[in-house]
A.B. asks: 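Take a look at this one; I'll ask things after.
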Amino acid sequence: MTIRRLPDHLVNKIAAGEVVERPASAVKELVENALDAGARAVTIDLRDGGTVLIRVTDDGVGMTAEELPLALERHATSKLERDEDLDAIATLGFRGEALAAICAVSHFTLTSCARGASEGLRLAGEGGTVKQRLSIPADPGTSVEVRDLFFNTPARLKFLKSPATELAASLRALTQLALAHPAVYLRIANNARAVLTVPATENLRQRVGAVWAHDVAARLLAVDRTEHGVGVRGLISPPDLTRANREEIVVIVNGRPVRDPALLQATLEAYRTWT
Ligand SMILES: Nc1ncnc2c1ncn2[C@@H]1O[C@H](COP(=O)(O)OP(=O)(O)O)[C@@H](O)[C@H]1O
Ligand SMILES: [Mg+2]
């Protein structure tokens, strides 16, 4: 038996499988980065449900030419500095893993221009390695383009579902993020066709109307209560407005959509006693 240290690119490739399971996970991570960057508008362009192309463009703070190469490295983040920060995470990301993971298993192009900078930087490459570096005029903000996800991980590639199924998974993730962040404008297109466009809204009810339907949104009952230091806010349907599955029950904790059966149950119980 010989123990070896794995080379970086192999470590990244293995780790990538844990972070990026399918196109929808990449879409979610990239949009979360845009939200963390304070974007007011996020555009998501997909080709074949994200299996061929995912492009997420935002108008957030952007990255400087010094920062951009770092963003690609594993465990590099601007969101966590000291041990104590771990107990007070205010951003969606903090591990510094997503971008490195996504780029490790794709053909990628990162373009970013920091607010106030006179020009932007574009890095392009594949399998986590930068092959091209270019200064370009760019609008403030960031655009991440991911092509041929899993091109170098055949096992993952084999498990991709049809473009329609992968698109549906991305839309589920995006709908939840849209509900969690009502003020942000979102536009999602697949194969150059608009799939979902959500205008910036002032509150959750307006956002539910924009994402699902205004007549549904108008009928939902508001809940807003704080107990034991935990605030629960949201909208719940009256008894005659039902769905056959739980797909449209969305639980958001501190801006983060979560799927947790116990938490869902507790939320439903609380809503039942309060309404
Ligand atoms: N859209 C973006 N706008 C501005 N900065 C970004 C964007 N995407 C990524 N970054 C920068 O790259 C870093 C690494 O991103 P990521 O790998 O997703 O890790 P994390 O979000 O956990 O910090 C972020 O901490 C941030 O500084
Ligand atoms: Mg992130």
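Predicted model only: the values in this text are computed from it and were never measured. Both ligands and their constituent atoms are indexed starting at 1 by order of listing.
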A.B. asks: Could you check atom 4 (C) of ligand 1 against the protein and tell me its nearest heavy-atom contact, residue, atom and distance included?
C.D. replies: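 Protein heavy atom at minimum distance: Ala37 CB, 3.6 Å.
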A.B. asks: Of all the non-hydrogen atoms in the protein, which one sits nearest to atom 1 (N) of ligand 1, and at what distance?
C.D. replies: Asp58 OD2, 2.8 Å
A.B. asks: May I ask you to check whether Thr201 and Arg207 show a side-chain donor-acceptor distance below 3.5 Å?
C.D. replies: yes
A.B. asks: Taking all atoms of both residues into account, what is the closest heavy-atom pair of Asp148 and His107, and its distance?
C.D. replies: OD2-CD2, 3.0 Å
A.B. asks: Going by distance only, is there an N or O of Leu99 that falls short of 3.5 Å from an N or O of ligand 1?
C.D. replies: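 The answer is yes, given that Leu99 and ligand 1 share an N or O pair closer than 3.5 Å.
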A.B. asks: Can you confirm whether Arg95 is buried at CZ, in the sense that more than 12 heavy atoms of other residues, nucleotides or ligands lie under 6.0 Å from that atom?
C.D. replies: no
A.B. asks: Applying a 4.0 Å heavy-atom criterion (strictly less than), which segment of Val56 is in contact with ligand 1: side chain, backbone, both, or neither?
C.D. replies: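 No part of Val56 comes within reach of ligand 1.
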A.B. asks: Write out the residue and atom name of the closest protein heavy atom to atom 21 (O) of ligand 1, then the distance separating them to 0.1 Å.
C.D. replies: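 I find the closest protein heavy atom is Lys79 NZ, 2.6 Å.
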A.B. asks: Out of Ala76, Cys103, Gly62, indicate the one that has the non-hydrogen atom closest to atom 13 (C) of ligand 1.
C.D. replies: Ala76
A.B. asks: Backbone, side chain, both or neither: what part of Glu97 comes under 4.0 angstrom of ligand 1, heavy atoms only?
C.D. replies: backbone
A.B. asks: Have a look at ligand 1 and work out which part of Ala98, if any, has a heavy atom under 4.0 Å from it: side chain, backbone, both or neither.
C.D. replies: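 Both backbone and side chain.
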A.B. asks: So with a 6.0 Å cut-off around CD of Glu227, is the heavy-atom count from everything else above 12?
C.D. replies: yes
A.B. asks: List the closest protein heavy-atom neighbour of atom 11 (C) of ligand 1: residue, atom name, distance to the nearest 0.1 Å.
C.D. replies: Met63 SD, 3.5 Å
A.B. asks: Quick one: closest heavy-atom pair of Ser237 and Leu241, and the distance?
C.D. replies: OG-O, 3.1 Å
A.B. asks: Can you tell me the protein heavy atom closest to atom 19 (O) of ligand 1 and the distance?
C.D. replies: Gly96 CA, 3.1 Å
A.B. asks: Around atom CG of Asp139, are there more than 12 heavy atoms of other residues, nucleotides or ligands at under 6.0 Å?
C.D. replies: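 Not more than 12 within 6.0 Å, no.
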A.B. asks: How does Ala39 reach ligand 1, by side chain, by backbone, by both or by neither, if only non-hydrogen atoms under 4.0 Å count?
C.D. replies: neither
A.B. asks: Are any of the N or O atoms of Phe94 closer than 3.5 Å to those of ligand 1?
C.D. replies: yes
A.B. asks: In terms of side-chain heavy atoms, does Lys79 have a donor or acceptor partner in Asn33 at a distance below 3.5 Å?
C.D. replies: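 Yes, Asn33 and Lys79 have a side-chain donor paired with an acceptor closer than 3.5 Å.
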A.B. asks: Could you pull out, from Ala71, Gly60, Ser78, the option with a heavy atom nearest to atom 12 (O) of ligand 1?
C.D. replies: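 Minimum heavy-atom distance to atom 12 (O) of ligand 1 goes to Ala71.
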A.B. asks: Any idea which heavy atoms bring Ala217 and Val208 closest together, and the distance?
C.D. replies: CB-CG1, 4.0 Å
A.B. asks: Check whether any N, O or S atom of Thr77 sits under 2.8 Å from the Mg ion (ligand 2).
C.D. replies: no
A.B. asks: Which atoms of ligand 1 are found less than 4.0 Å from any heavy atom of Gly93?
C.D. replies: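 It comes down to these atoms of ligand 1: 21 (O), 22 (O).
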A.B. asks: If you have a sec, work out which protein heavy atom is nearest atom 9 (C) of ligand 1 and how many Å separate them, to one decimal?
C.D. replies: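 Nearest protein contact, heavy atoms only, for atom 9 (C) of ligand 1 is Asn33 ND2, 3.5 Å.
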A.B. asks: Could you check atom 23 (O) of ligand 1 against the protein and tell me its nearest heavy-atom contact, residue, atom and distance included?
C.D. replies: Thr77 OG1, 2.5 Å
A.B. asks: Assess whether atom CD of Glu84 is packed by more than 12 heavy atoms of other residues, nucleotides or ligands within 6.0 Å.
C.D. replies: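 Yes.
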A.B. asks: Mind listing the closest non-hydrogen atom pair of Ala138 and Cys113 along with its distance?
C.D. replies: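 That would be O-SG, 3.6 Å.
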A.B. asks: Distance under 4.0 Å to a non-hydrogen atom of Arg95: what atoms of ligand 1 satisfy this?
C.D. replies: 22 (O)
A.B. asks: State, to 0.1 Å, how close Leu179 and Trp212 come at their nearest heavy-atom pair, and which atoms those are.
C.D. replies: CD1-CH2, 3.6 Å
A.B. asks: Would you say Arg115's side chain and Asp59's backbone share a donor-acceptor pair under 3.5 angstrom?
C.D. replies: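 Side chain of Arg115 to backbone of Asp59: a pair is present.
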A.B. asks: Nearest non-hydrogen contact with atom 2 (C) of ligand 1 belongs to which option: Leu70, Asp36, Thr142?
C.D. replies: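 Nearest option to atom 2 (C) of ligand 1, by heavy atoms: Thr142.
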